[in-house]
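Some notes on the structure that comes next.
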Amino acid sequence: MIKVLFFASYREQLNCNELVLSPEDQPPTLSALRGQLSEKGDDWREIMEDGRTLVALNKTMTRRDADLKDGDEVAFFPPVTGG
C-alpha cells in the first residue's frame, strides 16, 4: 500500500486528508500517481498539474519522476509563501 497525504490548503480544497492505495492501484512512479489523481476531478487536476506543488516521498523532498514502491508515503503540499 502507498499512503498519500495532503496538507494545508490542498487538504481543504480536496476535502481529503489522506488516501491509501491498495497494491492493485499503486502506480509505479510519482508522475503516474499525479496522473491517476488528476483523473479524480477538476480540483485534483489543478493541484496535480500545478508546477509549484511540492512533493515529499517518505518525508524527503523528491523529484517528479521518482519511483514508488509498496510502503511509501507521498505528501503533497502547496508552495510556502513568506511575508
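All residue numbers refer to positions in the sequence shown, counting from 1. Below, all heavy atoms of this structure are taken into account, side chains as well, without hydrogens, waters or symmetry copies.
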Next item on the list: List the steps, then state whether side-chain contact (heavy atoms from CB on, under 4.5 Å) holds for Leu21 with Gln36.
Entry: CA-CA 11 Å; Leu21 303 179; Gln36 183 176 317; 4.2 Å; yes

Does some side-chain heavy atom of [Y] sit less than 4.5 Å from a side-chain heavy atom of [X]?
{"X": "Phe6", "Y": "Val74", "result": "no"}
{"X": "Thr62", "Y": "Leu30", "result": "yes"}
{"X": "Cys16", "Y": "Trp44", "result": "yes"}
{"X": "Arg34", "Y": "Val55", "result": "yes"}

Look up atom [atom1] in [X] and atom [atom2] in [Y], then write down how far apart they are to the nearest 0.5 Å.
{"X": "Leu14", "Y": "Met48", "atom1": "CG", "atom2": "CE", "value": "6.5 Å"}
{"X": "Leu5", "Y": "Glu18", "atom1": "CG", "atom2": "CD", "value": "5.5 Å"}
{"X": "Arg11", "Y": "Asn17", "atom1": "CZ", "atom2": "CG", "value": "5.5 Å"}
{"X": "Phe77", "Y": "Tyr10", "atom1": "CZ", "atom2": "OH", "value": "9.5 Å"}
{"X": "Lys69", "Y": "Leu57", "atom1": "NZ", "atom2": "CG", "value": "6.5 Å"}

Next item on the list: Indicate, with yes or no, if Phe76 and Phe7 share a hydrophobic cluster defined by side-chain heavy-atom contacts under 4.5 Å among Ile, Leu, Val, Met, Phe, Trp and Tyr.
Entry: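 No, because Phe7 and Phe76 fall into different hydrophobic clusters, even though each may have its own neighbours under 4.5 Å.
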
Next item on the list: Determine whether Leu54 and Leu19 fall in the same hydrophobic cluster, where Ile, Leu, Val, Met, Phe, Trp and Tyr are linked whenever their side-chain heavy atoms lie under 4.5 Å apart.
Entry: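 Cluster IDs for Leu54 and Leu19 differ.
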
Next item on the list: May I have the step-by-step check of side-chain contact (heavy atoms from CB on, under 4.5 Å) for Val4 and Leu37, ending in yes or no?
Entry: CA-CA 10 Å; Val4 184; Leu37 295 176; 4.3 Å; yes

Next item on the list: Answer with yes or no whether the side chains of Thr53 and Asp50 bring together a donor and an acceptor at under 3.5 Å.
Entry: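 The answer is no; no qualifying pair exists.
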
Note to self: Holding to salt bridge (charged side-chain N to carboxylate O under 4.0 Å, His left out), I want the full list of residues that pass it with Asp67, two or more places apart in sequence or in another chain.
What the structure shows: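 So Asp67 forms no salt bridge (charged side-chain N to carboxylate O under 4.0 Å, His left out) with any residue.
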
Note to self: So, using side-chain hydrogen bond (donor to acceptor under 3.5 Å, both in side chains) as the criterion, who are the partners of Arg45 when residues are at least two apart?
What the structure shows: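 In terms of side-chain hydrogen bond (donor to acceptor under 3.5 Å, both in side chains), with neighbours along the sequence ignored, Arg45 is linked to Asp42.
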
Margin query: Run the side-chain hydrogen bond (donor to acceptor under 3.5 Å, both in side chains) test against Asn58 and tell me which residues pass, sequence neighbours left out.
Written below: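 Result, side-chain hydrogen bond (donor to acceptor under 3.5 Å, both in side chains) vs Asn58: Asp72.
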
Check: For Asn15, does the CG atom have more than 12 heavy-atom neighbours from other residues, nucleotides or ligands under 6.0 Å away?
Finding: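 It does not: Asn15 CG has 12 such atoms or fewer within range.
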
